[in-house]
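Presented below is the structure to which this report refers.
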Protein chains: 2
Amino acid sequence: MYTIGKLSKNSGVTVRTLDYYGEIGLIEPTSKTEGGYRLYSEDDVMRLERVLALKYMGFSLEQIKEILEDSTSTWQESIQQQLELIKKEQERLETLEKSLLGVSYAIEIEGEINWQIIFSIIKMYQQHPEETLNPYADYLNSQEMKRVMDMNVKNMSEEDIKKWINVIHDMKDNLDLDPASEKAQRLVEDWSNQVESMFGNDEELLLDMWGALQNLKEGIVFYPMNKEVIQFIERVFMAKEEELKNDT
Amino acid sequence: MYTIGKLSKNSGVTVRTLDYYGEIGLIEPTSKTEGGYRLYSEDDVMRLERVLALKYMGFSLEQIKEILEDSTSTWQESIQQQLELIKKEQERLETLEKSLLGVSYAIEIEGEINWQIIFSIIKMYQQHPEETLNPYADYLNSQEMKRVMDMNVKNMSEEDIKKWINVIHDMKDNLDLDPASEKAQRLVEDWSNQVESMFGNDEELLLDMWGALQNLKEGIVFYPMNKEVIQFIERVFMAKEEELKNDT
DNA sequence: TATAAAGCAACACGTAACGTGCTGCTCAAG
DNA sequence: CTTGAGCAGCACGTTACGTGTTGCTTTATA
């Protein structure tokens, strides 16, 4: 026979918790002293161990009561329910993580809090992601859509993201450079390399994306680039072309 | 200017929620009618949108208040904290899922609730898994330990698990068969095939595992097999050897 | 313009699983 | 017999609201 204090130390749960389990009728002491002290038997200890095991498995105290009373009946059912709950929670955490990473990188790139972008990122994960891509449907086919969707922050290495951030940041800081200058050319070349390392040599995809970029000019999917950056890149490309013409 | 009902419909949150946000000083209406009705301005709507965004990102209302007041200061820090929390929660769910799957299969194999096994499974995931493997340290080297550890229910296909359950179940139902009988031989052959498909042709690992099995006779890692099953397999092997001897 | 219907404020209590703190009691050791 | 530790029983706090009530205000309809 254990007093509540001994049982508490023995099992690692607090006295208050045992109080509470008594209150809700989950574990009640088999006997009491004359003075009213609760005395727990070995059976009670066993029941406590089972309760703690079920608690570890994620069941509520209410469910635990049911499970322990219905004995063998609903075990498998309860476990399957629990597993489904876990799955859903895992999915929730997954999108939550992506959202947070997206917002984190957005702040790093912008250097400040841009609520429009934060809303876009959240919407992107809240609703079905396809809806977010709808505006791009005119420019990308379904295969390309899939490739672009798969390219989110969670699937990029930290290294890649940092490089990407740097490249865009550099350009945003130098939007008023002479498009024909060496530095401007180098910045756009860095950008080209980065894009190529992300999307490979799929010329068609790159062309279609560029089409979408030029026509939409805003949008979350190609987020770190905005209108100014795109126009800068265009200017540099045109300057380069001009140069080539003059050379020949 | 919106009344609380319009704002509620507009934003998708309940009136009670807006009540509550007022109570804790998170979102308070800019003005009121003569009769005392709360009137929310566009600024209030904006603030609500931001609150909802931060809520979606997993922050508590208390944290949201701080974040919205400290403006740009602690954003990155808060996000990193949040990400760490998520990571921990994901790990918790991962082990929880493994525990539940383990218990589920245990019940399926045993056909009843065996609390000792449930406790073992939970302990296996609660403490560091290496500790659970300690008893096997005398028989398996570190490489082998790793291979055995990687072989848990989560890494097995459902098909494999079902087969494994059937094989063991069949044996448990036929422990008193004549070890020399055709059926006994077939059962052990099924078992052999199953073991081979799980651990491949690594003869050394198989031998070491068999050594551990014979000497420990109980233990969670090789769980579905118990003393009786192992002794049955031994008897059948011996009977087979005897047979081969007689043949020559 | 009178009245009915809908909307609203303010409040209270409930949720899950305890933590924290209190008063007045009981038990075990010296 | 006393002292101190342990205990029972109670109350209130926690988070983010849901649910329900009463008495008031506004809007819609006749």
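Convention: sequence-line order gives letters A, B, ...; per-chain numbering from 1.
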Worksheet item: Could you give the CG-to-P distance, from A:Leu18 to C:dG19, as a whole number of Å?
Response: 10 Å

Practice prompt. Please indicate whether A:Gln81 has more than 12 foreign heavy atoms, meaning atoms of other residues, nucleotides or ligands, lying under 6.0 Å from its CD.
Written response: yes

Practice prompt. To the nearest Å, give me how far apart CD1 (B:Ile64) and C1' (D:dC17) are.
Written response: 13 Å

Worksheet entry | Any residue of residues 41-55 of chain A with a heavy atom less than 4.0 Å from an atom of DNA chain D | none

Item to complete: Check the distance between C:dC8's P and B:Tyr20's OH and give it to me in whole angstrom.
Response: 22 Å

Discussion item. From CE of B:Met1 over to C1' of D:dT26, roughly how many Å is that when rounded to an integer?
Written reply: 17 Å

Can you pull every protein N or O that's under 3.5 Å from an N or O on nucleotides 23-27 of chain C?
from, atom 1, to, atom 2, distance (Å)
C:dT26, O2, A:Tyr37, OH, 3.0
C:dC27, OP1, A:Thr33, OG1, 3.1
C:dC27, OP1, A:Gly35, N, 3.0

Worksheet item: Is the distance from OP1 or OP2 of C:dC18 to the nearest side-chain N or O of A:Tyr21 less than 4.0 Å?
Response: yes

Worksheet item: For A:Leu39 and D:dC7, what is the distance between atoms CG and P respectively, to the nearest whole Å?
Response: 10 Å

Fill in: Positions of residues 4-17 of chain A (non-hydrogen atom under 4.0 Å from DNA chain C), listed by number
A:Thr14, A:Arg16, A:Thr17

Practice prompt. Could you give me the CA-CA distance, side-chain angles and deciding distance for A:Tyr21 and A:Glu28, then say whether side chain to side chain donor-acceptor pair (under 3.5 Å) is met?
Written response: CA-CA 7 Å; A:Tyr21 292 172; A:Glu28 274 159 317; over 6 Å; no

Worksheet item: Between CG of A:Leu100 and OG1 of A:Thr95, what distance do you get to the nearest 0.5 Å?
Response: 9.5 Å

Discussion item. Under a plain distance cut-off of 3.5 Å, with no hydrogens placed, do A:Glu42 and A:Tyr2 share a side-chain donor-acceptor pair?
Written reply: yes

Worksheet item: Quick one: A:Glu23 CD to D:dA11 P, roughly how many Å, whole number?
Response: 11 Å

Item to complete: Send over the distance from A:Lys32 NZ to D:dC7 C1', rounded to a whole Å.
Response: 11 Å

Fill in: Donor-acceptor pair, side chain of A:Ser120 and main chain of A:Gln116, under 3.5 angstrom
yes

Item to complete: Could you please spell out the steps behind the salt bridge (charged side-chain N to carboxylate O under 4.0 Å, His left out) verdict for A:Arg38 and A:Asp19?
Response: CA-CA 10 Å; A:Arg38 288 167 284 190; A:Asp19 271 356; 2.6 Å; yes

Fill in: Residues A:Lys87, A:Glu84; criterion salt bridge (charged side-chain N to carboxylate O under 4.0 Å, His left out); working and verdict
CA-CA 5 Å; A:Lys87 216 173 172 185; A:Glu84 271 175 42; over 6 Å; no

Discussion item. Under a 4.0 Å threshold between the charged nitrogen and the carboxylate oxygen, would B:Lys162 count as salt-bridged to B:Glu159?
Written reply: no

Practice prompt. Can you see which heavy atom on A:Leu140 is nearest to which on A:Met209, and at what distance?
Written response: CD2-N, 3.9 Å

Discussion item. Tell me the interatomic distance from B:Ile24, atom CD1, to D:dA16, atom C1', rounded to whole angstroms.
Written reply: 8 Å

Fill in: Check: A:Ser41 side chain, A:Thr30 main-chain N or O, donor-acceptor pair, under 3.5 Å
no

Practice prompt. Count the heavy atoms of every other residue, nucleotide or ligand shown that sit under 6.0 Å from CD of B:Glu49, and state whether that count exceeds 12.
Written response: yes

Worksheet item: If you find the nucleotide of DNA chain D closest to B:Glu62 and the one closest to B:Asp19, which residue's nucleotide is nearer the 5' end?
Response: B:Glu62

